[in-house]
Amino acid sequence: METQTAKGHFIENIIKEDLAGNKNNGRVVTRFPPEPNGFLHLGHAKSICLNFKMAQQFNGKCNLRFDDSNPAKEKQIYIDSIMSTVKWLGFDYNTPFYASDYFDALHDFAVELIKKGKAYVCSLSAEEMKEYRGTLTEPGKNSPYRDRSVEENLDLFRRMKEGEFDEGEHILRAKIDMASPNINMRDPVIYRVKKAPHPRTGDKWCIYPMYDFTHCISDALEGITHSLCSLEFEDHRPLYDWILDNITIPCHPQQIEFARMNINYTVLSKRKLQRLISEGVVSGWDDPRLPTLEGMRRRGYTPSAIRNFCDVIGVSKKESRIDMSLLESCLRDDLNENAPRVMGVIRPLKVTLENYPQGQTETLAAMNHPQKPEAGKREVSFSRHLYVEQDDFMEDPPKKFFRLGPGREVRLRAAYLITCKEVIKNEAGEVVELICTYDPETRGGNAPDGRKVKGTIHWVNAQDCIDAQIRLYDRLFKDENPERDSQDFVENLNPDSLETLEHAKLERSLETAEPEAVYQFERLGYFCLDSKDSTPDKPVFNRTVTLRDTWAKVATRN
RNA sequence: UGGGGCGUCGUCAAGCGGUAAGACACAGGGUUUUGAUCCCUGCAUUCAGAGGUUCGAAUCCUCUCGCCCCAGCCA
């Protein structure tokens with residue numbers, strides 16, 4: 001369940017203060033402004049949750065707005081994916097907004113700046129621009145075109161719009177201060193010629209506004225009150241404010257910056273994720289090992305777990321590297337509460353109950369959730385031939401191992417106590433079958449004589465089960481910081497991030513499993529049907545996350 | 001000695017002059033027909049460092065150190 005953060009983070013506090021001072025007539029309007037040039041990942045989820053939750057908490061609203069001012073990079077498929085992902089995460093927006101819907105207004109504001117002598121058409125080449133810009137420690141120089149007349153600027157800008165010039169020939173710049181210590185204020189470009197069709201406006205435009213010009217005006221046009229963005233835009237805030245202060249617009253949103261998140265053992269940047277995909281390290285944008293929201297969805301992550309995680313990590317201005325274990329903990333919290341329990345054996349070992357009547361089958365009742373009797377019971381079938389987990393048998397077990405071993409008795413979950421009588425091996429010396437006896441007096445799992453068994457293991461009826469492929473996922477990188485020592489992060493990949501097991505044996509009830517429905521395979525972890533590769537003939541289950549395993553910890557310690 | 005930002009437990013993170021919340025992780029213990037869940041217990045004499053102000057400082061002042069971001073006609 002979603003935990004409430006008792007205390008507010010700094011953005012929440014700013015909003016509260018604004019509300020207390022009646023700053024925006026009590027309105028709170030935020031926005032999530034992705035550029036549709038890729039798929040959403042966990043980093044975006046933090047922003048989505050922050051923006052939508054601030055709106056929810058203060059009875060305001062949050063717009064989904066596509067920041068689509070660069071047609072060279074943007075595509076409709078990304079727009080569609082982003083919309084569906086935001087909905088899946090659990091947030092409602094009525095109709096999406098698009099910066100491209102403001103292209104006319106943006107153009108008019110640019111003309112206003114020109115008329116006020118606050119913008120000019122510059123005809124320096126890209127290289128010359130770079131030279132004139134100066135460096136971090138040296139001021140820039142004024143462009144020789146800086147003092148063109150308003151008339152000439154208007155004419156040139158009009159001709160840019162009409163397609164008279166090629167890309168790069170002329171650009172429109174704000175006239176601010178070439179000597180500013182803040183490079184963003186050194187006469188930034190606000191419009192450029194780009195002869196590319198736009199996914200939404202088609203061929204209507206051949207000039208497109210730059211981010212700094214587009215974003216603040218889009219915010220103002222939508223009546224955004226709090227424009228939340230990440231830290232790297234801190235240096236852009238003076239420009240954000242300058243533009244709104246120099247055009248005629250009645251609204252001036254407040255930009256507030258927060259730190260983006262990092263998580264260990266993975267990467268969270270479009271560029272790096274893109275590389276993993278293009279180099280074939282993973283199968284695509286929705287590979288279950290990726291921290292993309294589509295990948296996590298396919299893996300079995302629930303929207304609620306992700307929302308809770310975003311809540312728990314907080315919001316601050318400190319750069320962070322969050323433990324993957326925190327994410328997994330949020331996931332397990334949700335899954336433990338909500339996933340029905342079933343039994344599946346992923347590395348089967350045959351068991352024959354020598355004293356169980358040949359040909360007999362019986363049906364046992366198993367709890368769907370031990371902590372929730374109201375979740376009911378299901379039927380599982382039992383016979384003389386079973387499968388148990390290879391890991392649950394040791395020929396020469398240490399004292400603390402309380403599973404199966406020669407002569408040992410264990411409980412089969414929701415069934416009977418069995419005792420291992422004989423171990424059958426193949427020529428290679430591998431254990432291939434266990435001959436056991438069962439105690440007919442222990443149906444359900446308790447011995448009438450009160451004797452205790454330490455171990456309970458899961459099992460499946462060999463004569464009534466389904467065959468499935470299991471995909472075990474592990475962290476994508478070996479090192480908690482994939483880029484440690486500035487080495488190429490791809491060299492740090494975990495070669496065992498995916499282990500595929502064929503012919504796992506699952507209880508029959510899983511036949512009706514639906515993609516995205518997560519089950520707890522008792523004692524193993526949480527699994528869900530793969531939404532892409534599964535077929536009725538050959539079900540494929542993804543391991544969402546393991547159960548916490550203190551035994552594994554003890555075992556590796558010794 | 002360009003500008004901007006950040007430094008509180010292994011990791012996040014509260015704290016806003018009155019004497020270090022919480023979560024994850026970790027370590028013990030209890031319950032348990034999942035070695036799961038659940039429940040207890042422990043885990044920063046100290047807040048990047050050094051000075052100073054104050055009866056009192058993580059919180060105020062000064063200096064120092066460290067880390068991140070910025071020189072796209074990307075967002």
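Since the structure is predicted, the reported quantities are computational estimates derived from the model, not experimental observations. Per chain, numbering begins at 1; letters A, B, ... match sequence-line order.
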Please give me every residue in [range] whose heavy atoms get under 4.0 Å of an atom in RNA chain B, ordered by residue number.
{"range": "residues 69-78 of chain A", "result": "A/S69, A/N70, A/K73"}
{"range": "residues 319-326 of chain A", "result": "A/E319, A/S320, A/R321, A/I322, A/D323, A/S325, A/L326"}
{"range": "residues 228-239 of chain A", "result": "A/E232, A/F233, A/E234, A/D235, A/H236"}

If the condition is side-chain hydrogen bond (donor to acceptor under 3.5 Å, both in side chains), which residues does [X] pass it with, not counting sequence neighbours?
{"X": "A/K175", "value": "none"}
{"X": "A/S218", "value": "none"}
{"X": "A/R31", "value": "A/H215, A/S227"}
{"X": "A/R260", "value": "A/E232"}

Detail all sub-3.5 Å separations between protein N/O atoms and N/O atoms belonging to nucleotides 39-42 of chain B.
none

Please list each protein N or O that sits under 3.5 Å from an N or O in nucleotides 46-49 of chain B, with the distance.
none

Item to check | Selection residues 169-188 of chain A - residue pairs positive for ring-ring contact (aromatic ring centres under 6.0 Å, His included), sequence neighbours left out | outcome: A/F165-A/H170
Next on the checklist: Under the rule for side chain to side chain contact (heavy atoms under 4.5 Å, CB included), what residues qualify as partners of A/V342, not counting sequence neighbours?
Outcome noted: A/R378, A/E507, A/S509, A/L510, A/Y519, A/F521
Item to check | Close aromatic pair by centroid cut-off 6.0 Å: A/F233 and A/Y240 | outcome: no
Next on the checklist: Nearest to the A/S329 side chain among B/A25, B/G72, B/G3, which nucleotide is it?
Outcome noted: B/A25
Checklist entry - salt bridge (Lys or Arg N to Asp or Glu O under 4.0 Å): which pairs involve residues 121-143 of chain A, sequence neighbours left out? => result none
Item to check | Under 5.5 Å and under 30°: A/W551 stacked on B/G35 | outcome: yes
